Structures are given as structure tokens and as C-alpha cells.
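In what follows, every heavy atom counts, from backbone to side chain, and hydrogens, waters and symmetry copies are set aside. The chains referred to below are lettered A, B, ... by the order of the sequence lines, with proteins before strands, and numbering in each begins at 1. Being a predicted model, the structure only gives us computed values, none of them experimental.
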Protein chains: 2
Amino acid sequence: MMMEHLNKFLNYLSDIYAISTEAKKEISDLTTIVHIKKNNNLQSIGQTCRTIYFVVEGIARINYFKEDKDVTEYFAFENDMIIRAESLFTGKQSHKAIQAISDTSFIAIPAALLFGLFEKHHEVERLFRKIVERSYVDTINRLESLQFHTAEERYQDLIKKSPEVVREIPLKYIASYLGITQVSLSRIRAAIS
Amino acid sequence: MMMEHLNKFLNYLSDIYAISTEAKKEISDLTTIVHIKKNNNLQSIGQTCRTIYFVVEGIARINYFKEDKDVTEYFAFENDMIIRAESLFTGKQSHKAIQAISDTSFIAIPAALLFGLFEKHHEVERLFRKIVERSYVDTINRLESLQFHTAEERYQDLIKKSPEVVREIPLKYIASYLGITQVSLSRIRAAIS
DNA sequence: CAATCTCTTTTACATTTGTTAAATAATCAG
DNA sequence: CTGATTATTTAACAAATGTAAAAGAGATTG
């Protein structure tokens with residue numbers, strides 16, 4: 001485990017909720033680092049998700065197939081958590097994969113071990129609760145955007161909120177993330193420029 | 001507080017995560033019951049949400065206005081929690097309201113007091129974490145449905161998963177919940193019958 | 001029960017988005 | 001560098017959804 005990678009993760013955690021040095025140490029002991037090459041999967045479709053990931057470097061996405069079409073559900077950049085929550089929290093198999101969009105380094109934490117820490121360190125459970133709350137709020141906001149904004153509004157919002165997405169991620173992935181086809185996204189891009 | 005109402009709520013909690021009698025007692029002490037008449041608001045747009053609700057009886061929804069159009073974000077039936085998470089968890093004002101669709105009885109819990117219990121009763125925080133996790137998973141699943149299913153698929157799914165929605169809720173609310181206009185929903189209904 | 005109000009459907013037309021295929025541009029491997 | 005592969009755009013047409021207005025159905029109230 002490279003120290004600067006781990007520190008990036010610990011800083012991310014501290015910004016959400018400060019925990020004791022002791023707890024940080026025990027969390028650190030659970031981490032391993034995983035390097036995934038561009039376009040390779042970190043996790044495959046069909047597995048039950050039992051691991052929590054954090055992107056130290058690079059870009060990743062959660063994706064699935066809807067009638068042979070590759071749909072991107074979520075993008076994770078440096079300093080983002082990436083969790084297939086619908087599998088981790090239910091114990092059901094995930095029909096989603098985690099894929100590296102560029103060469104990416106992840107910190108991996110076995111969920112069962114992290115959950116084990118909750119018994120001893122109440123504060124770790126609190127930290128994790130806050131992480132889940134944040135992800136939940138992000139998802140609610142995305143739902144609102146998909147529910148009643150036009151595709152063009154959604155694209156403009158994305159440019160504004162995450163310009164790095166449009167700069168660094170293939171448009172084909174962005175299209176399905178926005179809930180439209182690539183052809184439609186091309187048209188929108190042509191119309192607004 | 002009517003006893004059977006409180007028991008309904010305590011049973012709901014037990015099904016998610018079993019907690020001690022002591023903790024149950026302390027949660028119970030935080031609850032009040034609120035009756036809201038059909039079409040009236042329990043919470044209005046513009047407030048910061050500081051209360052957690054549970055529907056004991058009746059039907060409620062979370063709604064907001066997008067360019068003068070009334071959009072339903074969420075339906076809550078008997079035995080559902082109803083929380084404006086994007087405000088409660090961020091401290092920001094909510095641009096969403098909670099409205100009773102029929103005469104509805106809610107259990108209300110001041111969030112600050114509940115969060116206060118977390119200090120003394122680790123198990124209460126765990127219970128609440130699990131509630132948030134469930135809501136998060138539900139939202140992820142709805143996101144997936146909005147992202148890449150047709151309006152007709154979304155309507156059919158809703159009938160299958162929640163037939164009571166279509167039976168008991170005005171179609172104008174269902175339309176915006178599905179992300180479409182009422183005219184479009186009428187067409188879909190005509191097409192499939 | 002009649003009048004009014006609200007909800008739902010229908011119609012006609014405009015707009016957006018999807019589909020398929022082809023053309024162009026960009027990237028990658030040898 | 002060059003050919004091959006992959007990504008993006010464009011075009012033409014089909015399908016889905018939106019908009020506005022009106023008609024019909026259902027509920028509510030005096």
C-alpha cells in the first residue's frame with residue numbers, strides 16, 4: 001500500500017467525519033490497493049458485491065447491459081467512492097460491473113470487515129452512515145434531473161457541474177449516463193455550439 | 001399518541017433491525033402523531049427539513065414545482081418512511097413539499113432528537129443507517145428505471161410492483177412520478193388495454 | 001339534483017428522441 | 001507512418017412524447 005494513496009483516502013474520510021487515530025489505523029489495515037488497466041473490469045456482472053472501493057487515481061464507472069446496450073449508471077473520479085449499493089446492501093447478485101475508464105488505482109475494503117469495525121468503533125459506523133447519506137442525496141438529485149429535465153438541460157448541467165466528465169470520458173458513456181442515445185447527444189452538442 | 005399507531009411504527013423498525021426495549025422506549029418518547037387532511041401539506045416548500053415522518057395510515061407524496069408544473073417525486077403508503085433527505089442531510093432548504101393525498105396520519109420524529117439518541121444507543125444509529133441504505137437502494141432502482149426504460153415499461157412496472165398506486169392515486173400524480181405528461185400516460189393506458 | 005369543479009381522455013399537430021446506416025474523425029498497434 | 005479499429009457525427013426516416021385545446025366522466029357542494 002503506497003502511503004500517499006492511503007493518505008488520500010484518509011483525508012477524504014476526515015472531511016466527512018473526523019475519527020480517532022486508532023479507528024483510522026484499523027480502517028487502514030483493511031485496505032488493499034488494486035490497479036486496473038483502461039477498459040478492464042474491477043468487478044464483473046453477476047457477482048454479489050462485497051467490497052467498497054475508493055478511486056485514488058483515474059476514472060471508473062458502474063455499467064450494465066439493457067438489451068445488449070451498454071448503460072453507464074455512475075462515474076467515479078479521483079476521491080470518489082464507488083459502491084454497487086443495490087447489491088452490497090441487499091446481498092443480491094449485481095447485474096452491474098465496475099470498469100476502469102482510464103488506468104485506475106482503487107483502494108478496496110472488504111465490506112464485512114469494515115462492518116465488523118462498527119461493533120468496536122461506533123464512530124466508524126457514523127462515518128459510513130454519512131457516506132451513504134451523501135450518496136443517497138446525490139442519487140435523489142440525479143433522479144430529479146432525469147425525471148423532469150430535457151436531455152439538453154441534463155447535458156448542460158453535467159458540463160457545469162463536472163466539466164471533467166465531458167473532457168475525459170467518451171461521449172458514448174456520457175450519452176447513456178444522461179439516459180439518451182449517442183446520436184441524440186451528438187445532435188444536442190451540435191445544436192448548442 | 002394512540003398505542004396501535006406507535007406499535008405499527010415499532011414493528012416497522014423491528015423488521016429492519018431489532019433494538020432493545022430501552023431504545024424503543026426512548027424513540028417512542030420522541031414521537032408525536034400528526035393528522036393531515038387530504039390535499040393539505042404536512043411540510044411546505046422552502047423549509048429546511050428537520051423531521052422524519054412515518055405514514056401510519058393514508059397516502060402522502062413528496063412534490064415540487066418545475067416551471068409551474070407539479071412534479072411528484074415519491075409516494076409513501078402505510079408503513080413507509082417519508083423524508084426529504086436532500087434537505088435533512090444537507091441542512092439546505094427544501095424546494096419540495098410533503099402533501100397528504102388522502103387523509104393521512106403520520107408519526108413525526110424531530111431529527112435532532114433522534115440523532116441525539118445515536119450517542120447513547122449505538123443500535124439506534126445502526127437502525128437508522130439501515131433505513132437510509134434501503135431508501136438509497138430504492139432510489140438507485142428508480143434511477144435505473146428512469147434512465148433506460150420506456151414510459152410504458154415504467155408504467156407496467158409500477159402496476160406490477162405497486163398496484164395500489166394506480167388504484168388509489170390520481171393519474172396526474174402518477175404521470176409526473178413516471179417522468180411523463182398526463183396526456184402521455186393516458187395514451188399508454190389506452191394502448192395497453 | 002343541478003351546477004360547478006376536478007380529473008381523465010381524446011384529438012391534432014409540433015418537437016424530441018430513437019433507429020439504422022453511412023461518412024468522418026480520432027486513436028492505436030504493428 | 002500506415003492500416004485497422006474505435007469514436008463521433010451526420011442524414012433520413014420512424015416512433016415516442018410534448019403542447020394546447022376541447023370533450024367527456026366523475027366527484028363535490030349548495
Side-chain angles (χ1 to χ4, degrees), chain A residues 37-41 58-59 61 63 65-72 75 99-103 144-159 163-193, chain B residues 37-41 58-59 61 63 65-72 75 99-103 144-159 163-193:
Chain A
K37 286 279 176 197
K38 179 171 175 171
N39 293 334
N40 287 348
N41 279 355
I59 309 176
R61 65 181 186 128
N63 72 301
F65 290 86
K66 149 93 177 160
E67 289 155 15
D68 290 340
K69 267 169 281 181
D70 180 332
V71 179
T72 296
F75 293 120
Q99 188 188 63
I101 292 179
S102 55
D103 292 3
E144 185 179 328
S145 133
L146 276 170
Q147 196 179 0
F148 251 92
H149 290 212
T150 64
E152 182 176 330
E153 288 172 315
R154 300 197 303 268
Y155 179 64
Q156 299 267 28
D157 283 357
L158 187 68
I159 292 177
E164 73 276 20
V165 169
V166 183
R167 240 187 354 249
E168 299 174 35
I169 295 180
L171 291 169
K172 60 178 178 171
Y173 296 157
I174 296 175
S176 68
Y177 178 82
L178 294 172
I180 55 178
T181 61
Q182 194 182 355
V183 173
S184 194
L185 178 57
S186 262
R187 270 192 294 241
I188 288 168
R189 284 163 55 84
I192 67 182
S193 62
Chain B
K37 286 281 175 194
K38 178 171 175 172
N39 292 335
N40 287 347
N41 278 355
I59 309 176
R61 66 182 185 126
N63 72 301
F65 289 86
K66 150 94 176 156
E67 289 156 15
D68 290 339
K69 267 170 279 179
D70 181 331
V71 179
T72 296
F75 293 120
Q99 187 187 64
I101 291 180
S102 56
D103 292 1
E144 184 179 328
S145 132
L146 276 170
Q147 197 180 359
F148 252 93
H149 291 213
T150 64
E152 180 175 331
E153 286 172 317
R154 298 194 306 265
Y155 179 65
Q156 300 267 29
D157 283 357
L158 187 67
I159 292 177
E164 72 276 20
V165 169
V166 184
R167 240 187 352 248
E168 299 174 35
I169 294 182
L171 292 168
K172 60 177 177 170
Y173 296 157
I174 296 174
S176 68
Y177 179 83
L178 295 172
I180 55 178
T181 61
Q182 195 182 353
V183 173
S184 195
L185 179 57
S186 261
R187 271 192 293 244
I188 289 167
R189 285 164 53 84
I192 67 183
S193 60

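- Taking all atoms of both residues into account, the shortest heavy-atom contact from A/R154 to A/H149 is NH1-O, 2.7 Å.
- Of all heavy-atom pairs between A/E152 and A/I192, the closest is OE2-CG2, 3.4 Å.
- Put simply, CD1 on B/I180 is 18 Å from P on C/dT16, counting in whole angstrom units.
- Contacts between residues 169-176 of chain B and DNA chain D, counted as heavy-atom distances below 4.0 Å, involve no residue at all.
- Proximity of B/E67 to A/F148: side-chain heavy atoms (C-beta onward) are nowhere separated by under 4.5 Å.
- Taken from CD1 in B/I59 to CD in B/Q99, the straight-line distance is 12.0 Å, to the nearest 0.5 Å.
- Taking every nucleotide of DNA chain D with any atom under 4.0 Å from a non-hydrogen atom of chain A, the first and last of them, 5' to 3', are D/dA7 to D/dA12.
- With A/S102 contributing its side chain and A/G58 its backbone, the two residues share no donor-acceptor pair below 3.5 Å.
- Between the CD1 atom in A/I159 and the CZ atom in A/R189 there is a gap of 7.5 Å [rounded to 0.5 Å].
- Across all non-hydrogen atoms, the minimal contact from B/K38 to B/I101 is CG-O, 3.2 Å.
- Residues from residues 182-193 of chain B with heavy atoms under 4.0 angstrom of DNA chain D, sorted by number: B/V183, B/S184, B/R187.
- Of the charged side-chain nitrogens involved, at least one lies within less than 4.0 Å of a carboxylate oxygen, so that B/K37 and B/D103 count as a salt-bridged pair.
- Contact check for B/F65 versus B/V71: no side-chain heavy atoms found under the 4.5 Å cut-off.
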Show the distances under 3.5 angstrom between N or O atoms of the protein and N or O atoms of nucleotides 22-27 of chain C.
none

Return all side-chain donor-acceptor pairs below 3.5 angstrom for residues 166-181 of chain A, not counting sequence neighbours, or 'none' if the list is empty.
residue, atom, partner, partner atom, Å
A/S176, OG, A/T72, N, 2.8
A/S176, OG, A/Y173, O, 3.3
A/Y177, OH, A/R142, NE, 3.4
A/T181, OG1, A/S184, N, 3.2

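- Proximity of residues 144-156 of chain A to DNA chain C (heavy atom under 4.0 angstrom from any strand atom) is restricted to A/A151.
- Distance B/D70 CG to C/dT8 P: 13 Å, rounded to the nearest Å.
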